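This one's a predicted model, so the numbers in the text were calculated from it and none came from an experiment.
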Amino acid sequence: MSNKLSNSPESKTVQQHLANERTFLAWVRTGIAMAGIGFLAAGFGFNATAYDGIAHVAAIVTGITSLLGGISIIGLSALAYHRKRTQINEQTFQATTGLITFLSLTLLVIGLALAVLLYVLLFPA
């Protein structure tokens, strides 16, 4: 049995597969954190009577973007994990930047919406 294991394609690249799995789990944690921020920010949007209209829109934009971004990151990271697993086994691995670019743009939108929300809350009109 140990001969079968040591001759399998994955046994030669165990460390790469474990690193791939750790990376996937880190992306999942990031997605969960973003979705949590979405729920928190959307909570501000439900209390519209206490905030300005701009703050309400910023809270909704932050909440929806965070929630959809978090869900998307979890899905995209699962796809990336399986693609990288195949590439590691075939020894054709090529790093991609799609998920990083998506996360960066999503966080930029969330950050801008949070900045507007904070500004409106600190300096009401």
Side-chain angles (χ1 to χ4, degrees):
M1 174 112 177
S2 63
N3 285 342
K4 279 186 178 181
L5 253 160
S6 63
N7 291 334
S8 72
E10 290 188 7
S11 68
K12 297 174 184 170
T13 55
V14 170
Q15 290 193 350
Q16 287 85 358
H17 285 290
L18 293 174
N20 187 29
E21 188 172 329
R22 285 190 300 272
T23 302
F24 168 69
L25 294 173
W27 280 114
V28 169
R29 284 190 303 271
T30 301
I32 290 170
M34 283 184 65
I37 289 171
F39 278 109
L40 179 66
F44 287 117
F46 289 123
N47 195 5
T49 57
Y51 301 110
D52 186 76
I54 294 173
H56 178 70
V57 171
I60 297 301
V61 167
T62 303
I64 291 172
T65 304
S66 296
L67 186 59
L68 293 177
I71 292 168
S72 298
I73 285 174
I74 292 170
L76 291 172
S77 66
L79 292 173
Y81 168 79
H82 290 292
R83 187 182 69 247
K84 289 174 187 174
R85 182 175 183 262
T86 302
Q87 289 176 345
I88 290 169
N89 285 337
E90 295 173 352
Q91 296 183 354
T92 60
F93 178 77
Q94 292 183 349
T96 58
T97 58
L99 193 56
I100 305 287
T101 303
F102 174 76
L103 178 65
S104 299
L105 292 175
T106 303
L107 289 176
L108 178 66
V109 170
I110 293 168
L112 290 173
L114 283 173
V116 169
L117 178 61
L118 184 62
Y119 180 80
V120 171
L121 292 176
L122 291 177
F123 306 105

Item to complete: Take V116 and L112, measure what side chain to side chain contact (heavy atoms under 4.5 Å, CB included) needs, and give me the verdict at the end.
Response: CA-CA 6 Å; V116 169; L112 290 173; 5.7 Å; no
Is there a path from L107 to I32 through hydrophobic residues (I, L, V, M, F, W, Y) whose side chains come within less than 4.5 Å of each other?
no
When every non-hydrogen atom of A35 is compared with those of L67, the smallest separation belongs to CB-CD1, 3.9 Å
Notebook entry, point to check: Is the OH atom of Y119 crowded by more than 12 outside heavy atoms at less than 6.0 Å?
Noted result: no
- Query: Do I74 and I110 share a hydrophobic cluster (ILVMFWY, side-chain heavy atoms under 4.5 Å, transitive)?
  - Reply: no
Sorted by chain and number, sequence neighbours left out, side-chain hydrogen bond (donor to acceptor under 3.5 Å, both in side chains) with R29 holds for none
Could you go through the side chain to side chain contact (heavy atoms under 4.5 Å, CB included) check for W27 and L76 one step at a time?
CA-CA 9 Å; W27 280 114; L76 291 172; over 6 Å; no
Note: T62 and A113 closest approach over all heavy atoms is OG1-CB, 2.9 Å
The reported gap from CG in L25 to CG in N20 (rounded to nearest 0.5 angstrom) is 10.0 Å
query: Is there a chain of hydrophobic side chains (I, L, V, M, F, W, Y, each step under 4.5 Å between heavy atoms) that links Y81 to L99?
result: no
Q) Are I71 and F24 co-members of a hydrophobic cluster defined by side-chain heavy atoms under 4.5 Å apart? A) no
Closest non-hydrogen atoms of S66 and I37, given as atom of the first, atom of the second and distance, are OG-CG2, 3.8 Å
Between I88 and Q16, the two heavy atoms sitting closest are CD1-O, 3.7 Å
**Asked** Does any non-hydrogen side-chain atom of M34 lie less than 4.5 Å from one of T65?
**Response** no
Tightest non-hydrogen contact, residues F93 and K84, listed as CE1-CG, 3.7 Å
